[in-house]
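Structure record follows, encoded as structure tokens.
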Amino acid sequence: MKLNLSYLLLCLLLIGATTLSAQRRFKAGPVVGLNASQIDGDRYAGYNKMGLNAGIRVAAQLTDRSELVIELLYSQRGSQSELVRGTDLFPFQIKTDYVAVPIMYNLKDWLIEEDGGDSYHKVSITGGLTYGRLITSEIDDGTPSSPLQDLAGFFNKTDISFNLGASFFINSKIGFDFRWTRSLVLLYDQNKSGLNANSMRAKFLSFRAMYML
């Protein structure tokens, strides 16, 4: 039911974004890219877990150089013992999939005037918060019916994250962005489960392309 509601919200946002894009103070469009994730506390280092980051983005212009951005995303996160699976004698993977809603403030610079009177800013820096809802989770250590799967049942269903990033536009419609995200709440709290495992906190890097209508 929760996943169906997320699809409904995405459809409503797409419809609203198309309408808002017709107004000069609003822009909207799709975003797609990759997350490179890791989890502090899982005893493995490195942003080895790759996953999809995709959805819809709506930007509302506040001033000539600033805007408020709201996104609705499907975001795959987690951690992995090695960058390429199958190269580790003791493989380990945590997979977590989220529906995420970032709310970001953008400060823009490097104004470009295009032919026809249109203009855009080439670069921007961004910061904000993301609300995420965990929809699926899995732990895989290379053994069938791993007892570690019980740990995934104690993962926090709600995530609040802090974001910092930057973007670069090659024209008024096509841009690329980089974002660093770190959870403010624990993915797993050892004090709430009684299981012998470290507390865990997620963080990840995002590399995305966007097309603003």
Side-chain angles (χ1 to χ4, degrees), residues 10 13-14 16-39 45-80 83-84 96-132 159-184 202-213:
L10 178 58
L13 189 56
L14 280 167
T18 302
T19 303
L20 291 174
S21 294
Q23 306 177 40
R24 292 187 61 85
R25 295 188 64 85
F26 293 89
K27 289 186 177 181
V31 295
V32 62
L34 291 175
N35 292 331
S37 310
Q38 74 172 65
I39 296 176
Y47 291 87
N48 295 329
K49 179 67 173 69
M50 299 299 163
L52 179 67
N53 182 306
I56 189 75
R57 167 189 177 101
V58 177
Q61 184 177 331
L62 301 177
T63 68
D64 289 342
R65 293 185 55 206
S66 66
E67 62 186 7
L68 181 68
V69 174
I70 300 177
E71 299 174 345
L72 182 58
L73 304 172
Y74 173 67
S75 181
Q76 294 179 320
R77 314 173 193 172
S79 70
Q80 196 165 282
L83 183 60
V84 179
T96 55
D97 295 348
Y98 287 84
V99 171
V101 182
I103 300 176
M104 312 291 292
Y105 176 80
N106 284 1
L107 184 61
K108 303 183 289 185
D109 203 355
W110 194 354
L111 181 65
I112 301 295
E113 297 285 350
E114 289 189 322
D115 295 338
D118 197 9
S119 63
Y120 70 98
H121 289 86
K122 265 191 172 297
V123 298
S124 67
I125 56 174
T126 185
L129 296 173
T130 295
Y131 169 82
D159 179 60
I160 304 295
S161 301
F162 175 70
N163 314 277
L164 289 174
S167 62
F168 179 84
F169 277 80
I170 60 175
N171 57 42
S172 61
K173 295 183 180 296
I174 301 173
F176 303 89
D177 73 356
F178 163 80
R179 190 176 293 176
W180 173 81
T181 303
R182 184 178 188 272
S183 292
L184 298 176
K203 58 185 179 182
F204 59 96
L205 308 173
S206 301
F207 308 87
R208 312 182 309 166
M210 59 190 113
Y211 184 83
M212 304 302 291
L213 303 174

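Residues: numbered from 1 along the sequence shown.
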Checklist outcome for this item: Between the CZ atom in Arg179 and the CG atom in Asn53, the distance rounded to the nearest 0.5 Å is 7.5 Å
Item to check | Short side-chain donor-acceptor distance under 3.5 Å, Asn163 and Thr126 | outcome: no
Item to check | Donor-acceptor contact below 3.5 Å, side chain Arg25 vs main chain Gln61 | outcome: yes
Item to check | Atom pair CE/CD of Met50 and Gln80 - distance to nearest 0.5 Å | outcome: 8.5 Å
Next on the checklist: Using every non-hydrogen atom in the two residues, find where Ser66 and Thr63 come nearest and quote the distance to one decimal.
Outcome noted: OG-OG1, 2.6 Å
Item to check | Lys203/Gln38 under side chain to side chain contact (heavy atoms under 4.5 Å, CB included): CA gap, chis, key distance, verdict | outcome: CA-CA 6 Å; Lys203 58 185 179 182; Gln38 74 172 65; 3.2 Å; yes
Item to check | Test side chain to side chain donor-acceptor pair (under 3.5 Å) applied to Tyr120 - qualifying residues, sequence neighbours left out | outcome: none
Checklist entry - Do you know the tightest heavy-atom contact between Ser37 and Arg77? => result OG-CA, 3.5 Å
Item to check | Rounded distance (nearest 0.5 Å) linking atom OG1 of Thr130 with atom CG of Leu184 | outcome: 9.5 Å
Next on the checklist: For the CG atom on Asp64, are there more than 12 heavy atoms of other groups (residues, nucleotides or ligands in this structure) within a distance under 6.0 Å?
Outcome noted: no
Checklist entry - Any donor-acceptor pair under 3.5 Å linking the side chain of Gln76 with the backbone of Leu52? => result yes
Next on the checklist: Parallel, tilted or perpendicular: which one describes the rings of Phe178 and Phe207, with boundaries at 30° and 60°?
Outcome noted: tilted
Checklist entry - Step by step, would you call Met104 with Asp177 a side chain to side chain contact (heavy atoms under 4.5 Å, CB included)? => result CA-CA 13 Å; Met104 312 291 292; Asp177 73 356; over 6 Å; no
Checklist outcome for this item: What one should report as the nearest heavy-atom pair of Ala28 and Val58 is CB-CG2, 4.1 Å
Checklist outcome for this item: The reported gap from CG in Leu129 to CD1 in Ile103 (rounded to nearest 0.5 angstrom) is 8.0 Å
Checklist outcome for this item: What one should report as the nearest heavy-atom pair of Gly132 and Tyr98 is C-CD2, 3.9 Å
Item to check | Under 3.5 Å: donor-acceptor pair, side chain of Asp109, backbone of Val123 | outcome: no
Next on the checklist: Please find the pair of heavy atoms, one from Leu213 and one from Lys173, that lie closest to each other, and give the distance.
Outcome noted: C-NZ, 4.0 Å
Next on the checklist: A side-chain contact here means heavy atoms from C-beta on lying under 4.5 Å apart; do Trp110 and Phe169 qualify?
Outcome noted: no
Item to check | Lys108 backbone acceptor or donor facing Arg65 side chain under 3.5 Å | outcome: yes
Checklist outcome for this item: One should read off an interatomic distance between Ser172 OG and Ile112 CD1, to the nearest 0.5 angstrom, of 11.5 Å
Checklist entry - When rounded to the nearest 0.5 angstrom, what is the spacing between CG in Asp159 and OG1 in Thr96? => result 8.5 Å
Checklist entry - So do the side chains of Arg208 and Leu73 get within less than 4.5 Å of each other, counting heavy atoms only? => result yes
Next on the checklist: Please give me the minimum heavy-atom distance between Glu67 and Ala59, naming the atom from each residue.
Outcome noted: OE1-CB, 3.7 Å
